[in-house]
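Side chains are part of it too, since the values below use all heavy atoms of this structure and drop only hydrogens, waters and symmetry mates. This is a predicted model, so every value here is computed, not measured. Per chain, numbering begins at 1; letters A, B, ... match sequence-line order.
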Number of protein chains: 2
Amino acid sequence: MTEPSAVRTAGDASDPAEPAYGALDPAELTRLRLAVARLNRRLTQAAGGQDLTAAQLSALARIEQHGPLRLGELATREQVAAPSMVRTLAPLTAGGLVGKEPDPQDGRSWLITLTPAGGELIARLRQERSAVLSRRAARLSPEQSEALLAAIPVLELLAEEPGWAPRA
Amino acid sequence: MTEPSAVRTAGDASDPAEPAYGALDPAELTRLRLAVARLNRRLTQAAGGQDLTAAQLSALARIEQHGPLRLGELATREQVAAPSMVRTLAPLTAGGLVGKEPDPQDGRSWLITLTPAGGELIARLRQERSAVLSRRAARLSPEQSEALLAAIPVLELLAEEPGWAPRA
DNA sequence: TATTGTTATACTCTATAACTATA
DNA sequence: TATAGTTATAGAGTATAACAATA
């Protein structure tokens, strides 16, 4: 889904002749940072947590997207520490939403899979949670919706791009 | 706590009464939701937390922007419960970053103000934190930067708009 | 010895409920 | 009695450190 090819690998940022022509200034970045933090807070609260927590849903979505994954691999992709993923998955395995099969390649590992029940649940929850956002988004002007839509891939890129945390 | 408003609306997610002229479809909204959650996670981690936490910085920025505020007012604007704001502010007052002056209008209230030290600190931190985001943003193409820039006000709108959580 | 997953522990952010002081 | 703020407690999400089993 993320098109890494879209990233402009244009010469190192050490190019003084190009003071980042398309770049955002610090004030704009601050606004983006605060907006993302606050919107996330809003979405997390609105999620209600009746069924799955945000971290659980995110993990499920990741499993669904990338198929069977080892726990460590899943943790890396979600960019959390392994113990965090253990805790996130625990209620999911207990509830039969994900399965843990022994990794035939490595006796220490498990392959985390999405069960049919898990697949059904995330499909339902996804719709429910997006509905909250949808009610807000429906009030946006066409121009605002357009702007938001165009920014989604960029936000995904920023979110997925490695190199943020001193990981590894 | 949260009335299952978020969950219950699943059935009528596509309210025909809402024209949804410029509306985004559920798949796009899901991507936006996950991207916001994950980007926030990235930014929170990258912040390091050596000085101020994300919630503290957000509160400081709010105080800076809106001048002296009463605690409850601040909590409302940040859309958190009053006790959460108490906890957020405690280290800030202890550290001399914000001041609490008695509200001359109401003996029960305080006016939360930004001290000079607080102002200096957030200016510095703001720069540091934005720098992290900046390094990523600098690699965006002009088109991507443009898209992100255009979306900032929309994200702010979604984040600030009331009506998300069932806030009594 | 190195790696994978787990358990133990701790800290932040958030919430609700119960309490104090003031209106 | 109602409201502003505080304290107490709990749960989610994250982390690091120490451990067991396996490579």
Side-chain angles (χ1 to χ4, degrees), chain A residues 37-38 40-60 69-76 78-94 98 100-112 164-168, chain B residues 1-3 6 37-38 40-60 68-94 98 100-112 164-168:
Chain A
R38 288 167 178 164
N40 178 249
R41 190 154 61 200
R42 224 74 348 109
L43 292 173
T44 301
Q45 291 168 348
Q50 289 296 341
D51 294 282
L52 293 183
T53 67
Q56 288 169 351
L57 187 51
S58 184
L60 278 185
L69 288 170
R70 306 202 310 177
L71 185 143
E73 206 175 348
L74 183 55
T76 299
E78 284 288 296
Q79 300 194 42
V80 297
S84 300
M85 189 51 67
V86 171
R87 287 196 61 175
T88 298
L89 290 182
L92 299 180
T93 52
V98 304
K100 287 173 66 175
E101 301 171 6
D103 184 348
Q105 310 278 296
D106 190 329
R108 299 168 300 181
S109 278
W110 305 87
L111 289 179
I112 313 295
W164 286 97
R167 183 160 308 283
Chain B
M1 54 143 210
T2 56
E3 289 307 307
R38 289 169 178 165
N40 178 248
R41 191 154 59 199
R42 228 67 356 107
L43 292 174
T44 302
Q45 291 169 349
Q50 286 298 339
D51 295 282
L52 292 184
T53 66
Q56 289 167 351
L57 187 52
S58 183
L60 277 185
L69 287 170
R70 306 202 311 177
L71 185 143
E73 206 175 346
L74 182 56
T76 299
R77 285 184 193 266
E78 283 288 296
Q79 300 194 43
V80 297
S84 300
M85 188 51 67
V86 171
R87 286 199 63 177
T88 297
L89 291 182
L92 300 180
T93 52
V98 305
K100 289 173 66 176
E101 302 170 7
D103 184 349
Q105 311 275 299
D106 190 330
R108 297 169 300 181
S109 278
W110 305 89
L111 289 179
I112 314 295
W164 286 97
R167 184 159 309 282

- Message: Expressed as a whole number of angstroms, how long is the span from L43(A):CG to dA12(D):P?
- Response: 19 Å

- Once you round to the nearest 0.5 Å, how far does CH2 of W110(A) lie from CG of L89(A)? 12.5 Å

- Please state how far atom CE in M85(A) lies from atom P in dT7(C), giving the value in whole angstrom units. 16 Å

- Query: In whole angstroms, how far is the P atom of dG5(C) from the CD1 atom of I112(A)?
  - Reply: 8 Å

- What is the distance from CZ of R41(B) to C1' of dA15(D), rounded to the nearest Å? 13 Å

- Item | Between dT12(C) (P) and N40(B) (CG): distance, integer Å | 17 Å

- Query: Toward the 5' end of DNA chain D, which comes first, G107(A) or A55(A), by nearest nucleotide?
  - Reply: A55(A)

Got a list of protein N/O to nucleotides 4-10 of chain D N/O distances below 3.5 Å?
from, atom 1, to, atom 2, distance (Å)
dA4(D), O3', S109(B), OG, 2.6
dG5(D), OP1, L71(B), N, 3.2
dG5(D), OP1, S109(B), OG, 3.2
dG5(D), OP2, G72(B), N, 2.7
dT6(D), OP1, K100(B), NZ, 2.4

- Query: Rounded to the nearest 0.5 Å, what separation is found between the CG atom of L111(A) and the CG atom of L74(A)?
  - Reply: 11.5 Å

- Task: Check the pair R41(B) / V80(A) against side chain to side chain contact (heavy atoms under 4.5 Å, CB included), numbers first and verdict last.
- Result: CA-CA 9 Å; R41(B) 191 154 59 199; V80(A) 297; 4.2 Å; yes

- Task: Run the numbers on Q79(A) and R38(B) for side chain to side chain contact (heavy atoms under 4.5 Å, CB included), then give the verdict.
- Result: CA-CA 9 Å; Q79(A) 300 194 42; R38(B) 289 169 178 165; over 6 Å; no

- So CZ of R77(B) and CZ of R70(B): to nearest 0.5 Å the spacing works out to 12.0 Å

Name every donor-acceptor pair, under 3.5 Å, that has one atom in a side chain of residues 100-107 of chain B and the other anywhere in the protein, sequence neighbours excluded.
from, atom 1, to, atom 2, distance (Å)
D103(B), OD1, Q105(B), N, 2.8
D106(B), OD1, R108(B), N, 2.9
D106(B), OD1, R108(B), NE, 3.2
D106(B), OD2, R108(B), NH2, 3.0

- Message: Can you see if the side chain of T53(A) gets near the phosphate of dG13(D) - specifically, an N or O under 4.0 Å from OP1 or OP2?
- Response: yes

- Atom CG of L52(A) to atom C1' of dG11(D): distance rounded to whole Å? 16 Å

- Task: Return the value, rounded to whole Å, for the distance between atom CG of D103(A) and atom C1' of dT3(C).
- Result: 13 Å

- Message: Any side-chain N or O of S84(B) below 4.0 angstrom from OP1/OP2 of dA15(C)?
- Response: yes

- Heavy atoms, side chains only, cut-off 4.5 Å: are I112(B) and L92(B) in contact? no

- Item | Spacing of L89(B) atom CG relative to dC13(C) atom P, expressed in whole Å | 12 Å

